[in-house]
Amino acid sequence: MFAAEAPYLYNPPCMYGDVERILYSREVIEERVKELAGQVVGAYRDRPFVAAVALNGAFMFAADLVRHLPQKIEMVFVRASSYENGTSPMKAPEVTIPESVDVEGQHVLLIEDIVDTGRTVEALRREFLARGAATVRICAFLDKPTRRQVSVDVEFTGFVLPDDAFVVGYGLDYSGRYRNLPFLGTLKAPKA
Ligand code: IMP
């Protein structure tokens, strides 16, 4: 299961021992991201667009996705945060799009790690439209539709999570950690 990491599995500082279950392996993710990129290529064809990566969570997904795109894209990086710590959104999402990002009249593909309540992508979408974007489409690695609080149209989705389990890895964190897991998984409950 953790072939390369096995020697470190029971070494306390290693994160692999905290994983309860692997939902999507590195190989399964790789295949799916390739398929998703195919859909994006087909949707934009020869139209240029701006790929807006929502940091921090989407860094790994975006890095893999854009390497499959032949289009001349511009990449910009935006910030969104709604968690203070833990596993539930604590506050209204704060979105930061640098002033230098100019999307006037441009097509924007917003690349997100996960759409949960939908509030973050909605806030980013609105901000891009307010700055004059011609269109904003959303590409999310994961979707948790059962948790939605605002209706959002996610045009490209990697995986729809079957329940609302909190997941980590492939860019997604728990309290800032586990982003570097190469797969997507759930964590064991912390020991009391
Ligand atoms: P939303 O605004 O509720 O849709 O929240 C989106 C943000 O919440 C994502 O960009 C993630 O940073 C975070 N998030 C939601 N669910 C999870 C999860 O299962 N694991 C890690 N982060 C999550």
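Note that these values count all heavy atoms, side chains included, but never hydrogens, waters or copies made by symmetry. Order of appearance sets the numbers: ligands from 1, and atoms from 1 within every ligand.
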Got Y178 and L172 here, is their nearest side-chain heavy-atom distance under 4.5 Å? no
Is any side-chain heavy atom of Y174 closer than 4.5 Å to one of D18?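 No, too far: nothing below the 4.5 Å cut-off.
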Taking a hydrophobic cluster as the set of Ile, Leu, Val, Met, Phe, Trp and Tyr residues connected by side-chain heavy atoms closer than 4.5 Å, whether directly or through intermediates, do [X] and [Y] fall within one such cluster?
X    : Y    : result
F128 : V150 : yes
F77  : L110 : no
L129 : V108 : yes

Whether [X] lies under 4.0 Å from ligand 1, heavy atom:
X    : value
K144 : yes
P93  : no
V168 : no
L142 : no

Heavy-atom contacts under 4.0 Å between R147 and ligand 1: side chain, backbone, both, or neither? neither
Ligand 1-proximal atoms of L172, by part, heavy-atom distance under 4.0 Å: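 It is the side chain that gets close, since no backbone atom is under 4.0 Å.
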Would the distance check show the side chain of N56 and the main-chain N or O of A58 forming a donor-acceptor pair, the cut-off being under 3.5 Å?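 Answer holds: no.
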Look at the side chain of R45 and the backbone N and O of V41, then say whether any donor-acceptor pair between them is shorter than 3.5 Å. no
Heavy-atom nearest option to [atom], drawn from [options]:
atom                    : options                : result
atom 20 (N) of ligand 1 : L161, L124, V167, D143 : V167
atom 2 (O) of ligand 1  : T120, L55, V152, D116  : T120
atom 12 (O) of ligand 1 : V95, N56, D113         : D113

Using a strict 4.0 Å cut-off to heavy atoms of [X], name the atoms of ligand 1 that fall inside it.
X    : value
D173 : 21 (C)
E112 : 10 (O)
R119 : 2 (O), 4 (O)

With ring pair (Phe, Tyr, Trp, His ring centres under 6.0 Å) as the test, pick out the partner of F61 among Y24, F159, F141. F141
For the 3.5 Å polar cut-off, considering only N or O atoms, please tell me whether G118 and ligand 1 meet it.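 Right, the criterion is met.
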Under the rule for side chain to side chain donor-acceptor pair (under 3.5 Å), what residues qualify as partners of E30, not counting sequence neighbours? none
